[in-house]
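Below: the structure, in structure tokens.
Treat the numbers as computed from the prediction; the structure is a model and nothing was measured.
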Amino acid sequence: MTDAVLNFPGIAARAAETDATGRVPPPNWQEIAESGYARLFYPPEHGGTGADGTTQAEAMEALARACPGTYWAATVSALLCGKLITGYGDPARHGGLLESLLSGERLACFAIVEPSAGSDSSTYRTMVRPVGGSEGGYVIRGEKSRITNAPCADLAVTLARRERPPGDDGPEWCLAFVDLRQEGVRRYEIPHMGLRGMPWGGLVFTDAYIPGENVVPVTLEVLSEGMAWGWLLVSIAAIATAESALAASVRHARERVSFGRPLAHMEGVQAQLADSRTQIDAARLLARQAVCERVAGRSARELIAMLKIYATEMAVEVAARAVQIHGAAGVTQGHEVERHYRDAQMNVIGGFTSNRLREVVAEGLGLGPAVYRPFDWVKPTGMGQDPVGLDGLWPVRAVS
């Protein structure tokens with residue numbers, strides 16, 4: 001492990017600029033490629049360096065501390081998309097795709113969410129269908145929205161439905177590895193509150209071509225195991241943001257003098273800083289355990305679900321405390337703490353929302369999946385009719 005992997009000094013120095021411009025500057029990509037960051041997550045037979053779980057976790061947090069937007073863009077490509085390719089693809093056929101991500105030659109996105117819904121896959125309509133004829137292969141049609149790296153990615157690891165010919169009783173779903181540098185692909189950007197340096201937007205597929213070997217049938221149940229890498233990377237981003245917010249708060253508390261004494265000497269401020277320190281360290285321990293479990297080949301899916309819930313919501317609390325400690329400066333546009341607060345909010349939603357992950361954790365307790373049945377909550381209470389006045393028109397009595 002080199003110092004460059006652990007520190008990312010240039011990326012950290014450009015973090016404010018990256019947020020302000022909404023672009024990951026080219027030197028950031030160069031620094032990541034030269035550090036070997038992307039290769040940490042894979043064994044030598046896949047072109048990686050085979051780093052252990054602790055080293056991977058430390059490197060991820062170091063990059064996320066340096067610049068969360070750059071971390072998201074790089075890690076979604078190298079870790080999440082790379083793991084989906086190696087986990088569900090064929091090493092002989094798709095080794096070149098992985099190597100292009102590890103070398104930095106290509107940037108990938110995981111195209112899953114659609115405009116109609118986020119985590120509800122039943123609403124997804126993007127479809128892959130066979131071309132037929134001597135050429136073979138497939139074409140893809142549909143739209144994916146709110147996708148990290150969509151505005152600038154070279155490759156989309158895309159969840160889509162399959163148009164199955166008669167006799168094909170395979171999975172309804174597939175992962176399609178789509179080359180985005182071709183006709184039939186349109187992309188757009190979406191402005192976002194936090195992680196502004198992270199490219200974010202949508203993809204519109206209009207019969208874009210996919211070679212036959214790049215369509216991999218898969219069930220959603222099996223795919224959810226690979227998607228847990230995404231929950232993990234988001235969790236570590238949250239921990240890093242919280243650590244940065246705490247560090248800024250400690251510096252400010254030491255330097256700011258109010259009512260004749262530094263903020264650091266005030267009991268209320270000390271309590272806030274102590275709570276933040278405890279919560280961050282607890283989340284970090286959970287994250288290290290989860291990474292080590294995954295690297296050892298164990299699922300840890302429920303553990304990662306718990307981590308994602310706790311770490312992302314914890315980071316929002318820590319960032320909110322940082323804003324309070326900084327006072328008016330903390331809500332000033334361009335201030336370090338204001339940026340951390342915006343970034344923290346994005347991690348709660350990204351990857352998979354906390355409320356849905358709570359259902360995953362509950363299922364692991366033996367409660368079974370959440371079941372929703374139509375039920376009228378109003379009529380059984382006798383409140384089927386609005387009381388007089390709720391329509392906005394109060395009765396008027398004549399005064400004699």
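- Side-chain contact annotation: Thr49 with Arg39, donor-acceptor N/O pair under 3.5 Å absent.
- Tyr341 and Thr241 form no side-chain donor-acceptor contact under 3.5 Å, judged by distance and modelled atom types alone.
- Looking at Arg187, its side chain does come within 3.5 Å of a backbone N or O of Ala150 through a donor-acceptor pair.
- Looking at residues two or more places apart in sequence or on another chain, you find a ring-ring contact (aromatic ring centres under 6.0 Å, His included) between Phe352 and Trp231.
- Here Ile210 contributes atom CD1 and Ile140 contributes atom CD1; the two are 4.5 Å apart, rounded to the nearest 0.5 Å.
- Leu303 and Met227 fall within the same hydrophobic cluster, defined by Ile, Leu, Val, Met, Phe, Trp and Tyr side-chain heavy atoms under 4.5 Å apart, directly or through other members.
- Hydrophobic clustering keeps Ile280 apart from Val337 (ILVMFWY residues linked when any side-chain heavy atoms are closer than 4.5 Å, directly or through intermediates).
- Between the His326 side chain and the Ala322 main chain, a donor and an acceptor come within less than 3.5 Å of each other.
- In this structure, the side chains of Cys109 and Leu203 come closer than 4.5 Å at one or more pairs of heavy atoms.
- Summarising the geometry of Thr86 relative to Lys83, their closest heavy-atom pair is OG1-O, 3.2 Å, with the distance given to 0.1 Å.
- The line from OG of Ser249 to CG of Leu263 is 10.0 Å long, rounded to the nearest 0.5 Å.
- For the atom pair CG (Leu84) and CD (Glu225), the distance works out to 11.0 Å, reported to the nearest 0.5 Å.
- For His340, there are no ring-ring contact (aromatic ring centres under 6.0 Å, His included) partners two or more places apart in sequence or in a different chain.
- Two residues are said to be in side-chain contact when any heavy atoms from C-beta on lie closer than 4.5 Å; Val361 and Arg358 fail this criterion.
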Query raised in the report: How far apart are the C-alpha atoms of Val139 and Val128, what are their side-chain angles, what is the distance that settles it, and do they pass the side chain to side chain contact (heavy atoms under 4.5 Å, CB included) test?
Result: CA-CA 6 Å; Val139 292; Val128 165; over 6 Å; no
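- Taking the centre and axis of the six-membered ring of Tyr124, the NZ or CZ atom of Lys144 falls inside the cone set by 45° and 6.0 Å.
- Note on Glu313 versus Lys308: no salt bridge recorded, every NZ/NE/NH1/NH2 to OD/OE distance being 4.0 Å or above.
- Heavy atoms from other residues, nucleotides or ligands lying under 6.0 Å from CD of Gln333 number 12 at most.
- Remark: Glu189 engages Arg23 in a side chain to side chain donor-acceptor pair (under 3.5 Å) (not counting sequence neighbours).
- With sequence neighbours excluded, the residues forming a side-chain contact (heavy atoms from CB on, under 4.5 Å) with Ala311 are Ser235, Ala238, Ile239, Ala283, Leu307, listed by chain and number.
- Within the 3.5 Å criterion, the main-chain N or O of Val222 finds no donor-acceptor partner in the side chain of Ser224.
- Residues Gln289 and Glu293 have side chains that never bring a donor and an acceptor to within less than 3.5 angstrom of each other.
- To the nearest 0.5 Å, the span separating OG1 on Thr18 from CZ on Arg339 amounts to 8.5 Å.
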Report task. Check the pair Tyr37, Thr75 against side chain to side chain donor-acceptor pair (under 3.5 Å), reporting the backbone distance first and the verdict last. Result -> CA-CA 9 Å; Tyr37 173 78; Thr75 312; 2.8 Å; yes
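- When the side-chain contact (heavy atoms from CB on, under 4.5 Å) test is applied to Thr148, the partners found at least two apart in sequence or on another chain are Trp72, Val76, Met198, Trp200.
- For the pair Tyr71 and Phe8, the minimum side-chain heavy-atom distance is 4.5 Å or more.
- Counting non-hydrogen atoms of neighbouring residues, nucleotides and ligands closer than 6.0 angstrom, the CD atom of Glu183 reaches no more than 12 such neighbours.
- With a 4.5 Å cut-off on side-chain heavy atoms, Ile349 and Thr312 do not count as touching.
- Classification of Arg196 and Asp343 as a salt-bridged pair fails, no side-chain N sitting under 4.0 Å from a carboxylate O.
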Query raised in the report: Between Val250 and Leu273, does a side chain to side chain contact (heavy atoms under 4.5 Å, CB included) hold up when you go through it step by step?
Result: CA-CA 7 Å; Val250 171; Leu273 297 176; 4.3 Å; yes
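- By the salt bridge (Lys or Arg N to Asp or Glu O under 4.0 Å) test, Asp207 is found to be paired with Arg129, Arg141, residues two or more places apart in sequence or in another chain being considered.
- Here the CG atom belonging to Leu220 is positioned 6.0 Å from the CG atom belonging to Leu159, to the nearest 0.5 angstrom.
- Other cluster members for Val348: Val316, joined by side-chain heavy-atom distances under 4.5 Å among Ile, Leu, Val, Met, Phe, Trp and Tyr.
- Ring geometry, His94 versus Phe177: the interplanar angle exceeds 60°, so the pair is classed perpendicular (tilted spans 30 to 60°).
- Here Arg356 pairs with Glu359 in a salt bridge; the nearest charged N to carboxylate O distance falls below 4.0 Å.
- Residues Ile325 and Arg256 form no side-chain contact, since every pair of their non-hydrogen atoms from C-beta on lies 4.5 Å or further apart.
- There is a side-chain donor-acceptor pair under 3.5 Å between Tyr188 and Glu143.
- Judged purely by distance below 3.5 Å, without hydrogens or angles, the side chains of Asp275 and Thr278 never pair a donor atom with an acceptor atom.
- Residues meeting the side chain to side chain donor-acceptor pair (under 3.5 Å) test with Glu172, sequence neighbours left out: Arg161.
- In this structure, the side chain of Glu61 does not engage the main chain of Ile236 through any donor-acceptor pair within 3.5 Å.
- Take Leu367 and apply the side-chain contact (heavy atoms from CB on, under 4.5 Å) test, not counting sequence neighbours, and it matches Ala362, Leu365.
- No side-chain donor-acceptor contact under 3.5 Å links Glu114 and Ser145.
- Gln56 contributes a side-chain N or O that, together with a main-chain N or O of Ala51, makes up a donor-acceptor pair within less than 3.5 Å.
- Looking at Arg106 and Glu99, no side-chain N of the basic residue comes within less than 4.0 Å of a carboxylate O on the acidic one, giving no salt bridge.
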Query raised in the report: Can you check side chain to side chain donor-acceptor pair (under 3.5 Å) on Glu338 and Thr332, steps first, answer last?
Result: CA-CA 7 Å; Glu338 182 261 349; Thr332 302; over 6 Å; no
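- Partners of Asp168 according to the side chain to side chain donor-acceptor pair (under 3.5 Å) rule, which considers only residues two or more places apart in sequence or in another chain, are Arg162.
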Requested in this report: Let me see the working for Asp19 and Arg342 under salt bridge (charged side-chain N to carboxylate O under 4.0 Å, His left out), right down to the final yes or no.
Outcome: CA-CA 11 Å; Asp19 179 78; Arg342 287 187 285 102; 2.9 Å; yes
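- Thr70 is linked by a side chain to side chain donor-acceptor pair (under 3.5 Å) to Asn28, counting only residues two or more places apart in sequence or in another chain.
- Looking at residues two or more places apart in sequence or on another chain, you find no ring-ring contact (aromatic ring centres under 6.0 Å, His included) involving Phe110.
- Here the closest non-hydrogen pair linking Ala305 and Val360 is CB-CG1, 4.2 Å.
- Checked for salt-bridge contact, Arg321 and Glu317 meet the test: a charged N lies under 4.0 Å from a carboxylate O.
- Looking at Ser77, its side chain never comes within 3.5 Å of a backbone N or O of Ala74 through a donor-acceptor pair.
- In terms of modelled atom types and a separation under 3.5 Å, the side chain of His46 and the main chain of Gly48 share no donor-acceptor contact.
- No donor-acceptor distance shorter than 3.5 angstrom exists from the side chain of Arg254 to the backbone of Ala264, with no hydrogens or angles considered.
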